[in-house]
Amino acid sequence: MSVRVRFAPSPTGYLHVGGLRTALYNFLFARHYDGKMILRIEDTDRTRFVEGATENLIKYLEWAGINFDEGPHIGGDYGPYIQSERFDLYRKYAMQLIENGKAYYAFDTSEELEEMRKRIQASGGFYRYDRMAMRNQFTLDQQEIKQLIDNGTPYVIRLKVPYDQDVVFEDIIRGTVSVKGNEVDDQILLKSDGFPTYHLANVVDDHLMQISHVIRGEEWLPSTPKHVLLYQAFGWECPAFAHLPLLLNKDKSKLSKRQGDVAVEDYVAKGYFKEAFVNFIALLGWNPTADREIYSLDELIQLFNLEKVNKSGAVFDINKLNWMNAQYLRSKPIDELLEHIIPHLEQIKFNYINKDYLKSVIELFRERIENLYDLPEAVPYMFDKPKSFDEDFIKKHWKEHTTDLVKEYIEAIKKLQDWNYQSSHDFTIQWIEQKGMKLRDIVHPLRIAVTGKSGGAGLFETLALLHKQDVIERLEYFIENVIN
RNA sequence: GGUCCUAUAGACUAAUGGUUAGGUCACCAGCCUUUCACGCUGGCAGUAGGGGUUCGAAUCCCCUUAGGAUCACCA
């Protein structure tokens with residue numbers, strides 16, 4: 001059997017991190033087995049439709065390196081791939097179930113349903129559509145039903161769940177799952193607006209699109225029995241199911257907006273590398289080996305298998321994501337880093353002097369930051385004169401005689417011809433040793449005066465990147481305006 | 001509340017009945033060093049609890065506890 005899997009989001013806004021992980025696992029599985037990856041848009045709820053959401057979804061899936069073989073944006077033999085464009089299909093299949101006696105009409109209003117719910121709740125029973133007490137095929141005769149339909153009375157079509165029969169199915173990740181049959185509700189298949197519910201559309205489409213494996217989030221596990229029953233009602237074979245563990249907040253609840261960013265686009269905007277993000281997400285709930293953390297997309301594809309996916313939810317720990325991003329920041333080619341950050345700097349109108357200069361600054365600081373986009377905030381002094389100065393560091397390293405020492409130093413370097421790492425370094429050592437002092441007596445004062453900060457890259461690497469004239473100006477400014 | 005799922009350190013995980021329970025993040029210490037980092041070395045810390053099965057259990061079974069998901073004419 002050939003592998004055909006799908007990612008089937010609703011176009012309700014942005015791509016959720018959990019959605020990305022689901023899409024990624026589908027993608028890894030498809031590519032690993034040389035199968036097909038399909039995108040299907042589930043937009044049967046017209047009230048939640050968001051304009052442009054589909055394009056947005058595709059954009060960020062592609063950002064992550066997840067591409068499709070079939071979908072609304074590329075077509076395919078099993079289209080259309082947008083459920084609202086398959087409208088007529090679902091009614092046809094719903095009617096087929098009616099004819100086979102597997103489903104039935106129901107005419108209850110939402111008020112009547114609400115009443116029923118209250119009644120059941122009051123009696124202490126569990127909720128299930130009470131088919132013998134409502135207005136449907138069980139309580140009305142054919143004449144009445146025909147009349148209601150002819151009169152244009154709104155109706156829905158419900159699945160006739162066979163009571164008292166346990167529903168059992170196999171899940172690749174969880175093993176055998178069984179649910180008591182008398183707990184399954186007579187699920188609505190076709191809504192009164194003529195649109196199918198998720199359950200009908202999902203099953204019909206997965207069947208027609210010949211989906212071999214349904215890989216989706218654990219939140220779908222409780223409704224899977226309904227789907228299994230639907231496949232049985234149609235006389236179709238079930239696809240294999242694999243329910244992925246949830247991505248969790250710090251407090252172990254399902255990853256949600258309240259407790260941090262959940263939209264993939266937020267992480268893109270913050271400057272995370274796609275490789276780092278995908279690597280991190282892939283290892284939340286699955287692990288190929290015991291002693292390695294960094295994997296490329298190709299390696300993930302090669303190693304991926306559903307059997308090793310964990311059963312329990314995984315907390316999304318931003319700490320580890322940051323670490324992983326830093327790993328990529330250190331190992332990526334410098335040109336790639338430039339390509340990554342320049343559009344961002346231009347967008348925030350940050351003056352990075354020029355490309356070559358920016359390149360040198362990145363080389364110098366890539367091991368000191370975790371995210372490239374942090375560069376402007378981490379080392380503003382590389383691009384402009386410092387505006388604030390670390391008071392504690394000044395107190396610690398600026399002694400009484402330091403002002404005179406630095407003044408002398410300024411005069412001395414004014415005469416220097418060359419100004420690069422080697423020359424500034426060698427000159428300074430020689431100069432300070434002649435005075436019978438240690439390098440540290442001048443290094444710290446220079447650092448605070450030139451950068452305003454207590455930490456940073458090697459002082460002479462830093463000074464070499466800044467022009468000598470600039471260094472002199474900064475030192476003079478510091479002595480005249482800050483230290484006084 | 002019903003149903004279902006889950007349970008290895010603070011977090012991500014490895015160990016498919018036999019290991020001293022391994023790795024990573026975070027945290028702490030030391031080394032390196034002109035500062036801050038990187039890096040290196042070391043450290044802290046775990047099988048939720050209780051019963052079985054077995055020569056032997058993190059692993060299989062049962063109970064308890066805890067957490068989560070879900071219960072719409074939403075997906």
Side-chain angles (χ1 to χ4, degrees), chain A residues 8-12 42-45 47-48 83 106 108-110 113-114 117 121 124-128 154-158 171 173-174 177-180 182-185 187-199 201-202 217-225 243 245-246 248 250-254 280 283-294 307-308 310-324 326 330 365-370 378 390 393 396-397 425 428-429 438-444 446-448 451 453-460 462:
Chain A
S10 295
T12 55
E42 309 218 328
D43 59 345
T44 54
D45 182 1
T47 61
R48 291 212 305 172
Q83 288 185 331
D108 317 293
T109 63
S110 49
L113 288 169
E114 188 56 35
R117 259 179 224 118
Q121 209 168 13
F126 58 81
Y127 171 75
R128 182 175 64 183
Y155 64 88
V156 299
I157 294 178
R158 286 180 180 269
D171 186 285
I173 295 166
R174 283 152 218 287
V177 178
S178 77
V179 181
K180 294 204 176 78
N182 60 5
E183 300 287 347
V184 182
D185 194 20
Q187 188 58 49
I188 289 176
L189 303 177
L190 207 69
K191 299 184 259 187
S192 57
D193 64 1
F195 270 82
T197 57
Y198 168 83
H199 307 287
N202 192 263
E218 190 190 330
E219 68 267 29
W220 293 108
L221 200 50
S223 52
T224 304
H243 287 92
L246 260 18
L248 272 25
K250 261 204 178 76
D251 69 358
K252 305 252 185 191
S253 58
K254 191 165 125 183
F280 173 68
L283 263 35
L284 249 29
W286 171 77
N287 212 302
T289 53
D291 51 3
R292 207 180 133 190
E293 302 288 331
I294 305 297
E307 285 75 17
K308 288 199 83 174
N310 288 131
K311 296 182 182 74
S312 54
V315 173
F316 183 99
D317 181 13
I318 194 85
N319 244 328
K320 190 152 184 179
L321 170 61
N322 288 336
W323 170 81
M324 198 163 270
R330 275 163 218 149
F365 290 97
R366 69 194 311 189
E367 293 197 342
R368 265 160 253 262
I369 55 179
E370 290 184 316
D390 185 326
F393 199 71
K396 196 171 168 194
H397 292 287
H425 176 261
T428 306
I429 287 187
K438 297 278 194 213
L439 189 58
R440 74 174 73 95
D441 296 323
I442 187 75
V443 158
H444 297 309
L446 290 180
R447 175 182 298 284
I448 188 65
T451 73
K453 301 207 179 232
S454 60
L459 205 234
F460 298 105
T462 306

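The model shown is predicted, which means the values in this text are computed figures rather than measured ones. Below, read A as the first sequence line, B as the second, and so on, with proteins coming before strands; counting in each chain starts at 1. Any value given below was found using the heavy atoms of this structure, including those in side chains, with hydrogens, waters and symmetry copies removed.
Residue contacts for A/Ser10: at a heavy-atom cut-off of 4.0 Å it reaches the sugar-phosphate backbone alone, with no base atom in range. A/Arg440 comes within 4.0 angstrom of no nucleic acid atom, judged by non-hydrogen atoms across all strands. Contact annotation for A/Ser223: no contact, since no heavy-atom pair falls under 4.0 Å across all strands. Nucleic acid contact for A/Lys396: none, since no nucleic acid atom lies under 4.0 Å from a heavy atom of the residue. A/Glu293 comes within 4.0 angstrom of a nucleotide base, judged by non-hydrogen atoms across all strands. A/Thr44 comes within 4.0 angstrom of sugar-phosphate atoms only, judged by non-hydrogen atoms across all strands, and of no base. When heavy atoms are screened at a 4.0 angstrom cut-off, A/Val156 is found touching base atoms of the nucleic acid.
Both A/Thr197 and A/Trp286 lie close to RNA chain B; mapped to their nearest nucleotides by heavy-atom distance, the more 5′-ward contact belongs to A/Trp286. Mapping A/Phe460 and A/Leu283 onto RNA chain B by nearest heavy atom places A/Leu283 at the nucleotide closer to the 5' end.
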Query - Summary of protein contacts for nucleotides 35-42 of chain B, nucleotide by nucleotide, where a base hit scores B, a sugar-phosphate-only hit scores S (4.0 Å, heavy atoms) - result: BBBSS---

Query raised in the report: How does each nucleotide of nucleotides 60-68 of chain B score, in 5' to 3' order, for protein heavy atoms under 4.0 Å: base (B), sugar-phosphate only (S), or none (-)?
Result: -------SS

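B/A14 is unpaired under the Watson-Crick or G-U wobble criterion, no partner having all donor-acceptor distances under 3.5 Å. In this structure, B/A7 and B/U65 make a Watson-Crick or G-U wobble pair, each of the two defining distances being under 3.5 angstrom. In this entry B/A58 has no Watson-Crick or G-U wobble partner, no candidate having both defining distances under 3.5 Å. Partner assigned to B/A75 is none, using Watson-Crick or G-U wobble distances below 3.5 angstrom. Applying the Watson-Crick and G-U wobble criteria (two distances, each under 3.5 Å), B/G30 pairs with B/C40. Nucleotide B/U70 forms a Watson-Crick or G-U wobble pair with B/G2, both donor-acceptor distances falling under 3.5 Å. Checking B/U47 for Watson-Crick or G-U wobble geometry (two distances, each under 3.5 Å) identifies no partner in any strand. In this entry B/U20 has no Watson-Crick or G-U wobble partner, no candidate having both defining distances under 3.5 Å.
Here the closest heavy-atom approach between residue A/Glu42 and residue A/Ser10 is recorded as O-OG, 3.2 Å.
Put simply, CD1 on A/Ile157 is 12 Å from C1' on B/C73, counting in whole angstrom units. Note: CG (A/Asp291) to P (B/C25) measures 13 Å, nearest angstrom. Taking atom NE2 on A/His425 and atom C1' on B/U33, their separation rounds to 12 Å, with Å as the unit.
Going from the C1' atom of B/U16 to that of B/A57 covers 13 Å, rounded to whole Å. Of the P atoms belonging to B/C40 and B/C25, the separation is 9 Å, rounded to the nearest Å. B/G50 and B/C55 have their C1' atoms separated by 23 Å, given to the nearest Å. For the P atoms, the distance from B/A26 to B/A66 is 34 Å, rounded to whole Å. Taking the C1' atom of each, B/U19 and B/A14 are spaced 12 Å apart, rounded to whole Å. Nucleotides B/U3 and B/A72 place their P atoms 16 Å apart, quoted to the nearest Å. Taking atom C1' on both nucleotides, B/U53 is separated from B/C61 by 7 Å, rounded to a whole Å. Comparing B/C28 with B/A45, their C1' atoms are spaced 12 Å from each other, to the whole Å.
Look at A/Asn310 and you'll find a side-chain N or O under 4.0 angstrom from OP1 or OP2 of B/U13. A sub-4.0 Å separation between OP1 or OP2 of B/U59 and a side-chain N or O of A/Lys311 is absent. Taking 4.0 angstrom as the limit, A/Arg117 places a side-chain polar atom (N or O) nearer than this to OP1 or OP2 of B/C73.
Summarising the local packing, CZ of A/Arg292 is surrounded by more than 12 heavy atoms from other residues, nucleotides or ligands at distances under 6.0 Å.
The aromatic rings of A/His397 and A/His444 sit tilted, their planes meeting at an angle between 30° and 60°.
With sequence neighbours left out, the side-chain contact (heavy atoms from CB on, under 4.5 Å) criterion links A/Asp193 to A/Arg46, A/Lys191, A/Phe195. Among residues two or more places apart in sequence or in another chain, the ring pair (Phe, Tyr, Trp, His ring centres under 6.0 Å) test is passed with A/Phe280 by A/Phe316. For A/Glu370, the side-chain contact (heavy atoms from CB on, under 4.5 Å) partners at least two apart in sequence or on another chain are A/Asn322, A/Ala326. Among residues two or more places apart in sequence or in another chain, the side-chain contact (heavy atoms from CB on, under 4.5 Å) test is passed with A/Ala201 by A/Thr44, A/Gln83, A/Tyr90, A/Pro196. In this structure A/His199 satisfies the ring pair (Phe, Tyr, Trp, His ring centres under 6.0 Å) test together with A/His227, sequence neighbours excluded. Residues passing the ring pair (Phe, Tyr, Trp, His ring centres under 6.0 Å) test with A/Trp323, sequence neighbours excluded: none. Remark: A/Pro9 pairs with A/Phe7, A/Leu39, A/Ile41, A/Leu57 by the side-chain contact (heavy atoms from CB on, under 4.5 Å) rule, at least two apart or across chains.
Side-chain atoms of A/Asp185 never come within 3.5 Å of backbone atoms of A/Gln187 as a donor-acceptor pair (strictly under, hydrogens ignored). Side chain of A/Thr197 to backbone of A/Ile188: a donor-acceptor contact under 3.5 angstrom is found.
For the residue pair A/Asp251 / A/Ser253, a side-chain donor-acceptor distance below 3.5 Å is found, with atom types taken as modelled.
Across B/C73, B/A75, B/U6, the shortest atom-to-atom separation from the side chain of A/Arg174 is found for B/U6. Between B/A69, B/C12, B/G23, one nucleotide has an atom nearer to the side chain of A/Val315 than all others, and that is B/C12. Nearest to the side-chain atoms of A/Pro222 among the listed nucleotides B/A69, B/U13, B/A75 stands B/A69. Minimum atom distance to the side chain of A/Asn287 is reached by B/U13, of the listed B/U13, B/C5, B/U70.
At a cut-off of 3.5 angstrom, counting only N and O atoms as typed in the model, there is a donor on one side and an acceptor on the other between the side-chain of A/Lys320 and the base of B/U24.
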